[in-house]
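Since the model is a prediction, treat every value here as computed from it, not as a measurement. Note that the numbering runs from 1 along the sequence shown for the chain.
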Amino acid sequence: MQPTRNERYSFTHFAINYLSPRTSEAFEERLKENGFLQRSFGQQVFFSFLLREFDYIKRSTPNLKGRSGYINTNFELAGAEILALNEIANVVTGRQDVWRLGDGTEFSQYVKGEVDLRYIQQLGESQGFSARMNLGIALPFGNTTDVPYVKQFFVGGANSMRAWAPRGLGPGGFQDPLAADPANNFRLFQTGDVKLELNAEYRFPIFLWFNGALFVDAGNIWTLKDDAERPDARFSLIGKDKRPFYKEMAVAGGFGLRVDLSYFIFRFDVGMKLRYNTPILDIPNPVERDWWNDFKGINSRDFGFNFGLGMPF
């Protein structure tokens with residue numbers, strides 16, 4: 001529905017999705033070795049009868065000072081009705097059954113919310129400043145112990161932390177040894193239940209259809225509980241038993257080139273890793289500078305190269 005020109009919202013009530021991934025023998029061996037993947041990956045049914053998804057978008061028109069805003073909120077729920085019926089049936093029968101669809105196919109039960117806030121400031125006719133804050137959280141409930149893998153958050157890539165590849169950062173202070181190997185493009189373990197991302201860009205013209213941007217990205221993802229396979233991944237607010245979340249915020253900066261063809265904008269961004277989500281060296285009692293790139297022996301792994309269509313935010 002669209003109550004006003006700049007406002008839109010939508011409801012999805014009834015929805016059934018069936019996930020049945022096809023995996024190789026080598027991947028099946030990884031599943032056996034990793035509890036995180038076993039719990040979140042596999043055949044699953046996402047069932048909703050009363051509410052699956054709510055999405056709300058609002059844009060404000062620029063005021064006399066050239067300021068405008070944007071908000072997008074998304075809420076997703078699956079499995080609540082199945083869980084309620086399952087609990088009622090158990091009360092009536094006096095049993096403790098967990099409903100499944102066939103052998104090994106679980107009814108996933110999770111709730112997920114995400115908010116995307118943007119601020120735009122025009123600086124004259126052809127220059128501008130844009131900022132974004134993106135927050136997300138996903139929670140399992142009922143008989144589901146972990147949020148399904150395909151519903152977890154990740155950062156990195158052309159519209160996120162541009163110095164990192166998709167699923168190339170986090171969660172928390174975790175460093176995936178497989179992803180750190182330049183000869184291996186295998187990234188499976190860098191997803192999480194919580195996401196916080198901050199982005200800012202200064203945009204300016206260069207020549208004809210060519211525009212430029214200087215940008216800064218900061219963010220990470222976290223899990224909501226301890227994970228034996230991914231140490232230091234859990235979100236901590238004040239850091240009593242692990243580092244607080246702000247200590248694990250990664251930072252990147254870079255330059256973007258855009259080709260504006262009116263109907264299409266082609267984008268090429270180069271991001272450089274400035275601050276890592278964990279100290280560069282494994283030393284006791286690190287200080288703040290130990291998180292920052294010292295640019296010694298700088299190489300291609302310090303950069304992220306991204307092509308995109310349209311603006312990143």
Got Arg39 and Thr144 here, is their nearest side-chain heavy-atom distance under 4.5 Å?
-> no
Side chain to side chain donor-acceptor pair (under 3.5 Å) partners for Thr4, two or more places apart = Glu7
Should Asn211 and Arg203 be marked as a side-chain contact (heavy atoms from CB on, under 4.5 Å) after you check the CA-CA gap, both sets of side-chain angles, and the distance that decides it?
-> CA-CA 7 Å; Asn211 298 320; Arg203 299 163 179 170; over 6 Å; no
Between Lys195 and Val155 the two heavy atoms that sit nearest each other are CD-CG1, 3.9 Å
Looking only at atom types and distance, does a side-chain atom of Glu87 sit under 3.5 Å from a main-chain N or O of Asn90, one as donor and one as acceptor?
-> no
Among Lys112, Lys151, Arg52, find the one that has a side chain to side chain donor-acceptor pair (under 3.5 Å) with Glu76.
-> Lys151
Charged tip of Arg167 within 45° of Phe154 ring normal and under 6.0 Å = yes
About how many Å separate CD of Gln152 and OH of Tyr110, when rounded to the nearest 0.5 Å?
-> 11.5 Å
Indicate yes or no for a side-chain donor-acceptor contact from Ser48 to the backbone of Leu77 under 3.5 Å, with no hydrogens or angles considered.
-> yes
With rounding to the nearest 0.5 Å, note down the distance linking OH in Tyr119 to OG in Ser68.
-> 8.5 Å
In terms of hydrophobic clusters joined by side-chain contacts under 4.5 Å, are Leu196 and Ile238 together?
-> yes
N-O pairing of Arg234 and Asp241 below 4.0 Å | yes
Cluster link Met311 to Leu123, ILVMFWY, side chain under 4.5 Å | no
Judged by atom type as modelled, is there a donor-acceptor pair below 3.5 Å linking the side chain of Glu197 to the main-chain atoms of Met161?
-> yes
With side chains defined as the heavy atoms from C-beta onward, is the minimum distance between Arg243 and Ser236 less than 4.5 Å?
-> no
NZ (Lys247) with more than 12 external heavy atoms under 6.0 Å | yes
Are Asp146 and Lys225 ion-paired here, with the side-chain N under 4.0 Å from a carboxylate O?
-> yes
Is Pro312 close to Phe215 at the side-chain level, that is, under 4.5 Å between some pair of heavy atoms?
-> no
Flag the pair Gln122 / Pro62 as yes when at least one side-chain heavy-atom distance between them is below 4.5 Å, and no otherwise.
-> no
If you draw a 6.0 Å radius around CZ in Phe295, do more than 12 non-hydrogen atoms from other residues or ligands fall strictly inside?
-> yes
For Ala78 and Phe141 the tightest heavy-atom approach is O-CZ, 3.6 Å
State, to 0.1 Å, how close Phe255 and Ile206 come at their nearest heavy-atom pair, and which atoms those are.
-> CZ-CD1, 4.3 Å
Just wondering, do Val111 and Phe75 contact through their side chains at under 4.5 Å, heavy atoms?
-> yes
Is the Lys NZ or Arg CZ of Arg275 less than 6.0 Å from the centre of Tyr246's six-membered ring, within 45° of the axis?
-> no
Distance, nearest 0.5 Å, that separates CG of Asn277 from CH2 of Trp164 | 7.5 Å
Leu50 backbone acceptor or donor facing His13 side chain under 3.5 Å = yes
So which of Asn199, Asp116, Asn72 actually passes side chain to side chain donor-acceptor pair (under 3.5 Å) with Asn134?
-> Asp116
Under 3.5 Å, side chain of Arg162 to main-chain N/O of Gly254, donor-acceptor pair present?
-> no
Using only heavy-atom distances, determine whether the side chains of Thr278 and Gln175 contain a donor-acceptor pair under 3.5 Å.
-> no
Do the non-hydrogen side-chain atoms of Pro21 and Leu19 ever get within less than 4.5 Å of each other?
-> yes
CG of Leu101 to CZ of Phe47: how many Å apart, nearest 0.5 Å?
-> 11.0 Å
Rounded distance (nearest 0.5 Å) linking atom OG1 of Thr73 with atom CG of Leu135 = 12.0 Å
Between Asn17 and Gln44, is a side-chain contact (heavy atoms from CB on, under 4.5 Å) present by the stated rule, with each step listed?
-> CA-CA 8 Å; Asn17 302 104; Gln44 302 170 69; over 6 Å; no
Arg267-Asn159 side chain donor-acceptor pair, cut-off 3.5 Å | yes
Derivation of the side-chain contact (heavy atoms from CB on, under 4.5 Å) call for Ile298 and Phe303 | CA-CA 9 Å; Ile298 192 169; Phe303 297 90; 4.0 Å; yes
N/O donor-acceptor pair under 3.5 Å between Asn143 side chain and Val98 backbone | no
Between Ser262 and Asp260, the two heavy atoms sitting closest are N-OD1, 3.0 Å
Can you find a side-chain donor-acceptor pair between Arg67 and Gln121 that sits under 3.5 Å?
-> yes
Is a side-chain donor or acceptor of Asp290 paired with a backbone partner of Leu281 at a separation under 3.5 angstrom?
-> no
Trp222: which of Phe235, Phe153, Phe174 passes ring-ring contact (aromatic ring centres under 6.0 Å, His included) | Phe235
Can you tell me if Asp97 uses its side chain to pair, donor with acceptor, with the backbone of Trp99 under 3.5 Å?
-> no
Among the clusters formed by ILVMFWY side chains lying less than 4.5 Å apart, do Val150 and Val147 turn up in the same one?
-> no
Does Tyr149 use its side chain to pair, donor to acceptor, with the backbone of Thr191 at less than 3.5 Å?
-> no
Under a single-linkage definition using a 4.5 Å side-chain heavy-atom cutoff for Ile, Leu, Val, Met, Phe, Trp and Tyr, are Val92 and Leu83 assigned to the same hydrophobic cluster?
-> no
Do you know the tightest heavy-atom contact between Pro231 and Ala228?
-> CD-O, 4.1 Å
Does a side-chain heavy-atom distance below 4.5 Å link Phe266 with Leu309?
-> yes
In terms of hydrophobic clusters joined by side-chain contacts under 4.5 Å, are Met272 and Val251 together?
-> yes
Stepwise side-chain contact (heavy atoms from CB on, under 4.5 Å) check, Val45 with Ile82 | CA-CA 11 Å; Val45 175; Ile82 287 290; over 6 Å; no
Relative to the ring of Phe307, is the ring of Phe268 parallel (under 30°), tilted (30 to 60°) or perpendicular (over 60°)?
-> tilted
Relative to each other, are the rings of Phe11 and Phe54 parallel, tilted or perpendicular (30° and 60° limits)?
-> tilted
Just wondering, do Glu106 and Arg100 contact through their side chains at under 4.5 Å, heavy atoms?
-> yes
Compute the ring centroids of Phe129 and Tyr202, then answer whether they are less than 6.0 Å apart.
-> no
Hey, is the main chain of Leu224 close enough, under 3.5 Å, to the side chain of Asp193 for a donor-acceptor pair?
-> yes
Nearest-0.5 Å distance that lies between atom CZ in Arg59 and atom OH in Tyr70 | 5.0 Å
